[in-house]
Amino acid sequence: MARTSQEDQVGLQIEVDPGEVGFDAARLQRIDRHFARYVESGKLPGWLVLVTRHGRIAHLGMHGFADIDSGTPVRPDTLFRIYSMTKPVTSVAIMMLHEEGALELTDPVSDVIPSFADLRVYCGGTARAPQTRPATEPMRIWHLLTHTSGLTYAFHYLNPVDELYRRAGFEYGMPEDLDLAGCCDEWASMPLLFDPGTAWNYSVSTDVLGRVVEVVSGQTLDEFFRTRIFEPLGMTDTGFAVDRADADRLATLYVADPQGRAQRHPRHEEAHAAAFELPKALSGGGGLISSAHDYHRFTQMLLRGGELDGARLLGSRTVRYMTRNHLPGGADLESMALGAFSEAAYAGKGFGLGFSVLEDPTAAKVIGSAGEFAWGGLASTAFWVDPAEDLTVVFLTQLMPSSTHPIRSQLHQLVYQALVD
């Protein structure tokens with residue numbers, strides 16, 4: 001990614017008096033006070049929160065440290081690993097290609113990646129001796145977009161297939177010797193958890209979509225992102241690697257100790273060094289590093305129906321289609337998910353093409369709007385877009401795992417209690 005000067009970041013500031021867009025300014029300050037206590041108690045290293053309404057920034061708060069040891073504070077231009085908040089970017093890329101007629105959502109994945117032909121499904125046994133049967137349905141592009149593909153993540157620890165992924169080197173990240181094409185071939189060689197379309201399981205599906213983007217477009221994933229998404233939107237801080245000139249802007253990665261307090265990641269030096277090198281396998285499921293300015297631009301594009309400042313990435317109908325619940329029969333995640341996951345709650349939420357979708361705020365036990373769409377990342381980052389309220393929220397920090405604290409649910413209630421119009 002290119003270096004962004006402080007002058008370039010001057011646009012990241014409060015743009016409107018909260019009262020002009022329906023917020024109570026004093027109530028908005030509850031967000032900062034609440035999460036400041038997370039820092040003071042050692043639960044978070046530092047954080048940044050950005051809230052917009054009607055396309056203008058009404059609240060911008062930050063507190064704590066990008067690096068605790070050096071005392072470097074979180075600043076408006078701090079760079080964060082956004083992990084699974086990469087997934088909506090990849091989903092947008094797929095839908096751009098779909099709009100161009102380059103692929104159909106019903107296309108078998110094997111049409112693009114031949115190793116996904118003749119898939120088999122796990123039906124018993126251990127990781128050392130799994131029993132499998134032929135899949136009854138081809139894996140299709142829409143299965144990848146909705147995480148109904150039957151693929152999995154190694155870190156779930158719920159099924160012998162998860163163990164197969166760990167044995168192949170996929171517990172967190174990808175084996176160093178494989179490129180993205182090689183990773184896809186490895187995943188295709190392992191059994192699925194279920195027949196595509198019959199259940200929901202958070203998985204490497206979006207990484208496979210990244211390879212689909214490469215094959216269909218003829219560009220590497222980083223080039224497609226840069227030329228088709230980031231440059232048109234002015235997202236100059238987002239990419240799979242950080243320019244060494246921006247080393248002082250990259251936040252340190254933390255993990256939670258048994259008491260839930262932030263401590264420097266035990267593999268910090270390795271993780272930090274890796275951030276400055278383009279990985280061999282580009283992860284469309286979790287590989288991007290970004291800034292508040294850039295992800296704010298991305299959420300505004302989504303809120304505006306695929307366009308921002310004259311740059312149109314998607315048609316408005318496409319965005320509306322992506323942010324509907326696409327789970328079979330209109331099911332919610334509670335009824336279709338195989339196991340727990342930390343990026344969204346189950347009840348009252350469906351899943352679209354790259355986002356969770358809030359369908360019933362009452363069932364979800366949250367104050368919010370039907371049609372709100374969202375996702376988060378492994379290091380406790382989160383965003384959501386609420387078309388009904390014309391509102392977006394971005395929260396950035398660097399604490400793994402994202403299930404450590406109820407940050408997202410608390411942020412949700414703190415934002416909506418400040419709306420008073």
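All values below were derived from every heavy atom in this structure, side-chain atoms included, with hydrogens, water molecules and symmetry-related copies excluded.
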Could you go through E40 and K43, starting from their C-alpha distance and side-chain angles, then the distance that decides it, and tell me whether this counts as salt bridge (Lys or Arg N to Asp or Glu O under 4.0 Å)?
CA-CA 8 Å; E40 305 312 324; K43 292 180 178 179; over 6 Å; no
Go through the steps to decide whether R30 and F35 satisfy the test side chain to side chain contact (heavy atoms under 4.5 Å, CB included), and finish with yes or no.
CA-CA 9 Å; R30 291 178 177 176; F35 288 107; over 6 Å; no
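Of the charged side-chain nitrogens involved, at least one lies within less than 4.0 Å of a carboxylate oxygen, so that R53 and D421 count as a salt-bridged pair. Residues E359 and K349 are not paired through a salt bridge, judged by the lack of any N-O separation under 4.0 Å between the basic side chain and the carboxylate. Comment: R228 engages E100 in a salt bridge, judged by a side-chain N to carboxylate O separation of less than 4.0 angstrom.
Between W375 and Y83, a ring centre-to-centre spacing not shorter than 6.0 Å is recorded.
Counting only distance, with no hydrogens or angles, the side chain of R211 and the backbone of I113 share no donor-acceptor pair below 3.5 Å. Remark: side-chain polar atoms of R312 are paired, donor with acceptor, to backbone N or O of L314 under 3.5 angstrom.
No donor-acceptor contact under 3.5 angstrom links the side chains of S380 and T397, judged on distance only.
Scanning for side chain to side chain donor-acceptor pair (under 3.5 Å) contacts around Q259 gives an empty result, with sequence neighbours left out. For the side chain to side chain donor-acceptor pair (under 3.5 Å) test, residues two or more places apart in sequence or in another chain that qualify with R133 are D195.
Each of R297, R249, H293 was checked for a side chain to side chain donor-acceptor pair (under 3.5 Å) with D237, and the lone residue meeting it is R249.
Side chains of L144 and L151 form a contact here, defined as non-hydrogen atoms less than 4.5 Å apart.
The side-chain tip of R166 points at the ring of Y157 from less than 6.0 angstrom away and within 45° of straight on.
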